[in-house]
Amino acid sequence: MANRPVLVTGFEPYGGRGRNPAHEAMKQVRGRTIAGKEIVGRGLPVSFSRFPDIAAELIEELNPSSVISLGLWPGESMIRIERIGVNIADFGIPDNDGILAVDEQVDSTGAAALMSTLPVRAIERAVLQEGIPASLSATAGTYLCNICLYSFLQAAQQHHEPVACGFIHVPYLPEQVAELLTAVRDEASVELHQRCDFASMDLDRIVRAVEIAISQ
Ligand code: PCA
């Protein structure tokens, strides 16, 4: 039987940002073989209407042994390994279709929450071992990244073979924070110390953390 690939997904830019480090990290690993595993990469739309179907379709099409999804968490300072997806869709900003979900559910008949089935503690330890800041997180938020995590976990439960699924949030790129700092200075409407979203990590480190996650 052919080896099953690892699916790495990365969200497209959203929220008026020109780049998403998650999408860029996905592009750096796709098409490679890492720890003997073939990596298939897909960009995901920041679109509530495309979930949960897109997750089920990708698992059906690719039959991956595992799915590692990536998204940006603005202001995060480290590799943030999510433990849990919740059945809540409640957005702070509209998605890329202009939809602003308030107090909705991902699936009205679904479980309240689903736990990541990736070896999250092993990933955390291995990433830290390489000197890259990382920690486990008990909330992926209630926006598209949480919807993605929940949807893949649910789709995996329906699949005929086991699929380990999980989500990793990544920080801004340093270049993005430099742009933000420039904008804050130019707008001159809040003091710099009122903002707490200026943490960043370079793309090479983010990609290395994804490689390590794939290898666990
Ligand atoms: N981050 C958002 C959605 C897309 C992304 O990269 C989130 O954390 O939900």
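Counting starts at 1 for both ligands and their atoms, following the listed order. The figures here come from the full heavy-atom set of this structure, side chains too, leaving out hydrogens, waters and symmetry mates.
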Tabulation required: pairs of a nitrogen or oxygen in ligand 1 and a protein nitrogen or oxygen under 3.5 Å; columns are atom names and distance to 0.1 Å; otherwise 'none'.
unit_1   : atom_1 : unit_2 : atom_2 : d
ligand 1 : 1 (N)  : Tyr14  : OH     : 3.2
ligand 1 : 1 (N)  : Leu72  : O      : 2.8
ligand 1 : 6 (O)  : Asn20  : ND2    : 2.8
ligand 1 : 6 (O)  : Leu72  : N      : 2.8
ligand 1 : 8 (O)  : Leu72  : O      : 3.3
ligand 1 : 8 (O)  : His169 : NE2    : 2.8
ligand 1 : 9 (O)  : Leu144 : N      : 3.4
ligand 1 : 9 (O)  : Cys145 : N      : 2.9

Problem - Pairs involving residues 100-123, ordered by first then second residue, that meet salt bridge (charged side-chain N to carboxylate O under 4.0 Å, His left out) (sequence neighbours left out) - result: Arg121-Glu124
Exercise for the section: Please work out whether the ring planes of Phe91 and Tyr143 are parallel, tilted or perpendicular, with thresholds of 30° and 60°. Expected result: perpendicular
Practice task
Name the orientation class of the two ring planes belonging to His169 and Trp73 (parallel below 30°, tilted from 30 to 60°, perpendicular beyond 60°).
Solution key: perpendicular
Handout entry: Pair Arg205 + Glu130, salt bridge at N-O below 4.0 Å
Key = no
Completion exercise
Contacts of Arg19 meeting salt bridge (charged side-chain N to carboxylate O under 4.0 Å, His left out) (sequence neighbours excluded), chain-then-number -> Glu24
Exercise for the section: Please identify each residue that fulfils salt bridge (charged side-chain N to carboxylate O under 4.0 Å, His left out) with Glu38, with sequence neighbours left out. Expected result: none
